[in-house]
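Have a look at the structure below before the remarks.
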Amino acid sequence: MKSQGLTDMCFVQVPHPIGMISREEVEAKVDAAFEDIVAAATTWKAIKPTDMKQDAPYPARTFKFTGTYADVNNLYQKRRWSLSLPIVPPTVDRVQAMLKGTKRDPSEVVWVVPPRQGMLTVELVAALGVMAGARPEHMPLLLAAVEAMADPDAAWRGPTTTTAPTVPMFFISGPIINELKLNPGTGTAGAENPVTNALGYFVNLVGDVVGGSVPPSMDKSTHGTSADIVAMVFTENMPQNPWKTSYAVEAGFKPTDSVITHFSAYLSGSNIDHDSKTGDRLLTTLSTGVLGQASGISSCLADYDMSYAVNNKVTFAFIVLCPEHAATIAKDFPVMEDARRFMVETARMPYRYYSHETCVPGPDFGPYNDDTIIPRFKKTKSIKFFVSGGPGKQSQIWVPFPQNARPISKLIGETAQD
């Protein structure tokens, strides 16, 4: 219940799983929990309000510490103020220097972070930015990322507490790429750019330190992923975008705007098509990847009326195209909308390959059986293209966690000068 923001509630834990087992097995689990249920109903007492008192979010408490960098890191890890990676100590002078990168009030609470409902102030953004290796001129980027994460449609609580190995995804577009010397080319989401690495680390410091989503108490991820430490950050390669239209412009922003886009995804699928010479063949192999990505619950019919909860429908696929793949597609599909339409028409397979328990076509679909060809999507807006990376015919397919209704795009403020 803590993962739902409830700090105090009477409940009894029943061992996982409840789904995918027989009625008899479910009843056996309930019977086994009966004595605990009786005890909870007769002996549980609520925490006194005085025992739940929280410190004010601003100003942040400071303390004096004498020791080495290793000692600082050991202290922060022991107190769960950091992750397993080393940090830059957030000394008072470093945090004050970071705050010079924004005009926003340090006391402003920019987000109450689920699941623990920790209060994230501008001052704490600066402190976590320092810890992640960010600099003052990065503050507008960090704050825009937080605004995207805090958007209700990002549904942060779900992906950060689920059993799935979800990945916080960020895509950067616009002039800020040159201003901060980001890397839109080879290895764009890899380990070589200090700015995007700092952003990726910062994101998980926010989620784990402020939001409290750490395994096993809040984060229930079955396996986890390295993206639990450093989030994925892609940078748009506009010079090699054959359509010459930024993703941010498609999302409604101006070409002069710097924009960050966020959603939480399942682990990616790769398209390594080195052979297709035409746009239609390459889009077909991409469609095959979309069909198999996050198989099971998210291989639903996204845009139709489903028996699965409306808010849990996977509504888009984000295709990170390498420049060579983008050029191959654009040669035959100079209008991007036509390429999307082709994928919608191609990404379909017999109903037998979908999860029948959660993906049940509603009345608007019509009669169907196991051999009925079912499209993954029916709307072209469900296909999102983002050109990024360098040479090499390697593209990636990312589909969102079901509660993410859409990618969230936020304007990045002006960067501070050094």
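- Between the side chain of Arg94 and the backbone N or O of Pro89 there is at least one donor-acceptor pair closer than 3.5 Å.
- Judged by distance alone, the side chains of Ser246 and Glu236 do bring a donor and an acceptor atom under 3.5 Å apart.
- Screening Leu182, Asn193, Val233 for a side-chain contact (heavy atoms from CB on, under 4.5 Å) with Leu199, the sole residue that qualifies is Val233.
- Between the side chain of Ser388 and the backbone N or O of Val320, no donor-acceptor pair lies under 3.5 Å.
- Between Trp111 and Trp156, the two ring planes are perpendicular [angle over 60°; tilted spans 30° to 60°].
- A donor-acceptor pair is defined here as one N or O able to donate and one able to accept, closer than 3.5 Å; no such pair exists between the side chain of Glu123 and the backbone of Ser107.
- Scanning both residues, Ser221 and Ala164, for their nearest heavy atoms gives OG-O, 3.4 Å.
- Residues Asn183 and Thr188 have side chains that never bring a donor and an acceptor to within less than 3.5 angstrom of each other.
- Between Pro407 and His262 there is no side-chain heavy-atom pair separated by less than 4.5 Å.
- The shortest side-chain heavy-atom distance between Ser276 and Thr328 does not fall under the 4.5 Å cut-off.
- A ring-centre distance under 6.0 Å is found for Phe171 and Phe318.
- For the pair Asp228 (side chain) and Gly224 (backbone), a donor-acceptor distance under 3.5 Å is absent.
- Here Arg406 pairs with Asp151 in a salt bridge; the nearest charged N to carboxylate O distance falls below 4.0 Å.
- Put simply, the side chain of Trp398 reaches to within 4.5 Å of the side chain of Val167, judged on heavy atoms.
- A distance-only check finds a donor-acceptor pair linking the side chain of Asn241 to the backbone of Trp243 [under 3.5 Å].
- Between Phe377 and Ser382, the shortest heavy-atom contact is CD2-CB, 3.5 Å.
- Surrounding NE2 of His223 are at most 12 heavy atoms belonging to other residues, nucleotides or ligands under 6.0 Å away.
- Separation of atoms OH (Tyr76) and CG (Leu205) is listed at 11.0 Å; rounding is to 0.5 Å.
- Within 6.0 Å of the NZ atom in Lys181, the count of heavy atoms belonging to other residues, nucleotides or ligands does not exceed 12.
- Although no hydrogens or angles enter the test, the distance criterion places a donor-acceptor pair under 3.5 Å between the side chain of Lys384 and the main chain of Lys381.
- What you find for Pro86 and Asn73 is that their closest heavy atoms are CA-OD1, 3.1 Å.
- In this structure, Glu192 places its CD atom where only 12 or fewer heavy-atom neighbours from other residues, nucleotides or ligands lie under 6.0 Å away.
- Side chain of Ser270 to backbone of Ile272: no donor-acceptor contact under 3.5 angstrom is found.
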